[in-house]
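Accompanying notes for the structure given below.
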Amino acid sequence: MSARIVVAGASMAGLRAAEQLRAAGWTGAITLVGDEPHMPYNRPPLSKEVLAGRAPFESLAFRPRASVSDVEWRLGRRVVAAELDERSVRLDDGTELSYDGLVVATGMRPRRLNCPGPSAGRHTVRTLDDARALREELIRPGARVVVIGAGFIGCEVAATAVGLGVAEVTVVDPLPLPMVGPLGELLGRALRRRHEERGVRFALGAAVAAFTGEERVTGVELRDGRVLPADVVVESVGSVANTEWLDGNGLDLTDGVLTDAWLRAGGRPDVVAVGDVARFPNARYDGVPRRVEHWCIPADTAKHAARTLVAGAAPAPFAPLPTFWSDQHDFRLQSFGTPVLGKQDVRVLDGDPEADVLVGYHHDGRLVGVVALGGQAVAASAARYRAELLKQPALTLS
C-alpha cells in the first residue's frame with residue numbers, strides 16, 4: 001500500500017494543508033474528507049456579500065493549485081472516529097482509512113443557545129447553505145430581525161440586514177458594548193455609535209431566556225422580562241470545536257486540539273492540527289496555547305504543520321502575526337497583532353474615535369496590536385505598523 005496522509009476537514013484549512021504538503025515534498029497519496037458537498041470556499045463573504053445577494057458560490061470557491069490535482073476528495077462525508085495508535089480513521093459511511101500522517105482540520109461549528117421555544121426561524125451563519133437559507137428570510141418584506149451576539153459575525157449580519165432594508169434589526173448581547181471582548185471599550189463605543197447611526201438597535205447587558213411562538217419564532221424573551229418581536233433570529237454566540245471524533249486518544253480537547261509549537265497534537269509526530277481547531281502556543285507572545293479564528297490562520301498553520309509532518313519538524317516554533325478584517329456597513333475594521341493582550345493600555349495613534357481612527361494596544365509599554373476603524377486611508381495606516389509588530393522580540397506576559 002502506498003503512503004497516504006489523510007486530511008480530516010475539507011475547507012480552507014484542509015485545502016491549504018494539502019497544497020503545503022506537496023510544497024514540503026510529500027509525493028504520496030493525500031485524501032481530504034469533508035462533511036459539506038462543496039469544494040473549499042471562502043467563508044468571510046457569507047455574512048456580507050453572499051447574504052446581501054452580491055456574490056454567487058462560484059466567486060467563493062478557491063482555485064486549488066495544480067500540485068493537488070491528484071488529491072482524492074471525499075465530500076459529503078464526515079470523520080466520526082479515530083484510532084491514533086492504529087493510524088486509522090472511520091467515516092460516517094463506515095469506511096476505514098489508514099494513514100501515515102493525519103491532519104486535523106475539522107474546524108468549528110456554531111454554538112447554539114439552549115433556551116426553550118421553537119427552532120423554526122432560528123439561524124446561524126457558518127456554511128454556504130446557512131447563508132442561503134438566512135437570505136431567503138431576510139428578503140421577505142417587513143422582516144424583524146434579532147441578532148444574538150455582538151461579535152464580528154453578529155455585527156456583520158446586522159449591517160447586511162440593514163442594507164437589505166429589513167424593518168427592524170436588534171442586536172442582543174450580555175456584554176455592555178459590541179465587540180468589547182476582543183477590542184475593548186474605546187472601539188466598542190465607536191462601533192455602537194456607527195451601527196446606531198445606520199439603524200441598528202442594541203439590547204446590551206441582556207441575556208436570552210426563551211424564544212416565543214408556537215411552531216416558529218415570533219419573539220425573543222430576555223431575562224429582564226422584555227420581549228423583542230422577531231420574525232428571524234440569528235444566533236452568533238461563539239463556536240464549538242469539531243473534535244468529538246478524536247475522543248479516547250489521550251489528546252487534550254478542552255478547547256480545540258492542543259498542540260505544541262510545531263503543531264503536533266499530543267506530541268505525536270504523525271498527527272498535526274491546522275486552522276481554527278488548533279490551540280497552539282504562539283512563540284511571538286508567550287507559551288499560552290490559544291485558538292485563533294482569523295482568516296490568515298488556516299494558511300499559516302498549514303504551512304508550518306506540513307513541514308512538521310513531512311520533515312519531522314519545522315525549522316522554528318510557530319510564531320504567526322494574527323490578522324483580521326471585518327466589513328460592516330460602509331466601514332472596515334482592520335487589525336494586525338493581538339489586541340486582546342493589550343486591552344488595558346489602549347491609545348489613539350491617529351485620527352479620532354468620532355471619525356476614522358487608528359488604535360494601538362500595548363502590554364508593558366510595548367505595542368502588541370493595532371486596529372483601524374474607518375475607510376481605506378486608516379486601514380492603510382494600520383498596515384504600516386505590520387513591519388514594526390513583526391520585528392518585536394518575544395513577549396513575556398506577567
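Checking side-chain atoms of Arg16 against main-chain N and O of Lys303 turns up no donor-acceptor pair under 3.5 Å. One N or O on the side chain of Glu235 and one on the backbone of Leu113 form a donor-acceptor pair closer than 3.5 Å. Put simply, the side chain of Glu83 never gets that close to the backbone of Val89: no donor and acceptor are under 3.5 Å apart. A donor-acceptor pair under 3.5 Å is absent between the side-chain atoms of Asp252 and the main chain of Leu258, judged by distance alone. For the pair Tyr41 (side chain) and Leu128 (backbone), a donor-acceptor distance under 3.5 Å is present. Using modelled atom types, one side-chain atom of Arg135 and one backbone atom of Ala52 make a donor-acceptor pair closer than 3.5 Å. A donor-acceptor distance shorter than 3.5 angstrom exists from the side chain of Thr106 to the backbone of Asn242, with no hydrogens or angles considered. Although no hydrogens or angles enter the test, the distance criterion places no donor-acceptor pair under 3.5 Å between the side chain of Arg279 and the main chain of Arg291. For the pair Lys343 (side chain) and Gly181 (backbone), a donor-acceptor distance under 3.5 Å is present. Using a distance-only test at 3.5 Å, with no hydrogens or angles considered, no donor-acceptor pair links the side chain of Asp350 to the main chain of Leu358.
Residues Leu373 and Val378 fail the side-chain proximity criterion, which asks for heavy atoms closer than 4.5 Å. Put simply, the side chain of Met179 reaches to within 4.5 Å of the side chain of Cys155, judged on heavy atoms. Contact check for Phe62 versus Asn42: side-chain heavy atoms found under the 4.5 Å cut-off. Within the 4.5 Å cutoff, no side-chain heavy atoms of Trp262 are placed close to those of Leu309. A heavy-atom distance below 4.5 Å is not found between the side chains of Val80 and Leu91. At a threshold of 4.5 Å between non-hydrogen side-chain atoms, the residues Thr259 and Arg264 do not count as touching. When side chains are defined from C-beta on, Thr95 does not count as touching Arg77, because their heavy atoms never get closer than 4.5 Å. Proximity of Thr338 to Val368: side-chain heavy atoms (C-beta onward) are nowhere separated by under 4.5 Å.
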Inset, instruction - Kindly determine whether His329 and Val200 satisfy side-chain contact (heavy atoms from CB on, under 4.5 Å), including the steps that lead there. - result: CA-CA 10 Å; His329 301 288; Val200 177; 4.0 Å; yes

Inset, instruction - Give the C-alpha distance, both sets of side-chain angles, the deciding distance and a yes or no for side-chain contact (heavy atoms from CB on, under 4.5 Å) between Arg284 and Leu321. - result: CA-CA 8 Å; Arg284 184 173 301 281; Leu321 182 71; 4.0 Å; yes

Legend entry - Worked verdict on Val33 versus Leu97 for side-chain contact (heavy atoms from CB on, under 4.5 Å): CA-CA 10 Å; Val33 182; Leu97 297 177; 4.0 Å; yes

Inset, instruction - Show your reasoning for whether side-chain contact (heavy atoms from CB on, under 4.5 Å) applies to Val79 and Val6. - result: CA-CA 10 Å; Val79 181; Val6 170; 5.6 Å; no

Inset, instruction - Let me see the working for Thr170 and Glu168 under side chain to side chain donor-acceptor pair (under 3.5 Å), right down to the final yes or no. - result: CA-CA 7 Å; Thr170 304; Glu168 296 177 6; 5.1 Å; no

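Taking 4.0 Å as the cut-off between side-chain N and carboxylate O, Asp35 and Arg126 do not count as a salt-bridged pair. Salt bridge annotation for Glu19-Arg22: absent, with no cationic side-chain nitrogen under 4.0 angstrom from a carboxylate oxygen. By the 4.0 Å N-to-carboxylate-O rule, Arg109 lies too far from Asp130 to be salt-bridged with it. Arg268 has a carboxylate O that lies under 4.0 Å from a charged side-chain N of Asp85, or vice versa, which qualifies the two as a salt bridge. Taking 4.0 Å as the cut-off between side-chain N and carboxylate O, Asp270 and Arg87 count as a salt-bridged pair. The existence of a salt bridge linking Glu185 and Arg189 is confirmed by a sub-4.0 Å separation between a basic side-chain nitrogen and an acidic carboxylate oxygen.
Distance check, rounded to the nearest 0.5 Å: CD of Gln344 to OH of Tyr361 gives 11.5 Å. Between atom CZ of residue Arg216 and atom CZ of residue Arg122 there is a gap of 12.0 Å, rounded to the nearest 0.5 Å. How far CD1 of Ile148 is from SG of Cys115: 7.5 Å, rounded to the nearest 0.5 Å. A distance of 8.5 Å separates CG in Leu32 from CG in Leu75, rounded to the nearest 0.5 Å. Here the straight-line distance linking atom CZ of Arg65 with atom CG of Leu15 works out to 8.5 Å at 0.5 Å rounding. Interatomic distance, CG of Leu390 versus CD of Glu388, reported as 10.5 Å (0.5 Å rounding).
Remark: Glu197 CD is packed, more than 12 non-hydrogen atoms of other residues, nucleotides or ligands lying under 6.0 Å away. Other residues, nucleotides and ligands contribute more than 12 heavy atoms inside 6.0 Å of the CD atom of Glu72. Annotation: Glu96, atom CD; neighbour count of heavy atoms from other residues, nucleotides and ligands within 6.0 Å is above 12. Atom CZ of Arg144 has more than 12 neighbouring heavy atoms from other residues, nucleotides or ligands inside a 6.0 Å radius. Other residues, nucleotides and ligands place no more than 12 heavy atoms under 6.0 Å from the CZ atom of Arg386.
Checking each of Phe152, Phe336, Trp295, Phe331 against Trp325 for a ring-ring contact (aromatic ring centres under 6.0 Å, His included) leaves exactly one that passes, namely Trp295.
Gly76 approaches Asp92 most closely through the heavy-atom pair O-OD2, 4.5 Å. The two atoms that bring Lys48 and Pro44 nearest to each other are NZ-O, 2.7 Å, heavy atoms only. The minimum heavy-atom distance linking Pro40 with Ala10 is given by the pair CG-O, 3.1 Å. Contact detail for Leu222 and Ala206: the closest heavy-atom pair is CD1-CB, 3.9 Å. Taking both residues in full, the closest heavy atoms of Arg194 and Asp356 are given as NH2-OD1, 3.5 Å, listed atom of the first, atom of the second, then distance. Val274 and Ala305 get closest at one heavy-atom pair: CG1-CB, 3.5 Å.
No donor-acceptor contact under 3.5 angstrom links the side chains of Asp129 and Thr127, judged on distance only.
Put simply, Val157 and Val180 are part of two different groups of oily side chains (I, L, V, M, F, W, Y) that touch within less than 4.5 Å, one to the next. In terms of hydrophobic clustering, with Ile, Leu, Val, Met, Phe, Trp and Tyr side chains grouped at heavy-atom distances under 4.5 Å, Val292 and Val340 are assigned to different clusters. If you chain together hydrophobic residues whose side chains sit under 4.5 Å apart, Val171 and Leu228 never meet in one group. In this structure, Val162 is a member of the same hydrophobic cluster as Leu46, with clusters built from ILVMFWY side-chain heavy atoms closer than 4.5 Å. Leu177 and Leu186 end up in different hydrophobic clusters when Ile, Leu, Val, Met, Phe, Trp and Tyr side chains are linked at under 4.5 Å.
His304 and Phe318 have tilted rings, their planes meeting at an angle from 30° to 60° on a 0 to 90° scale.
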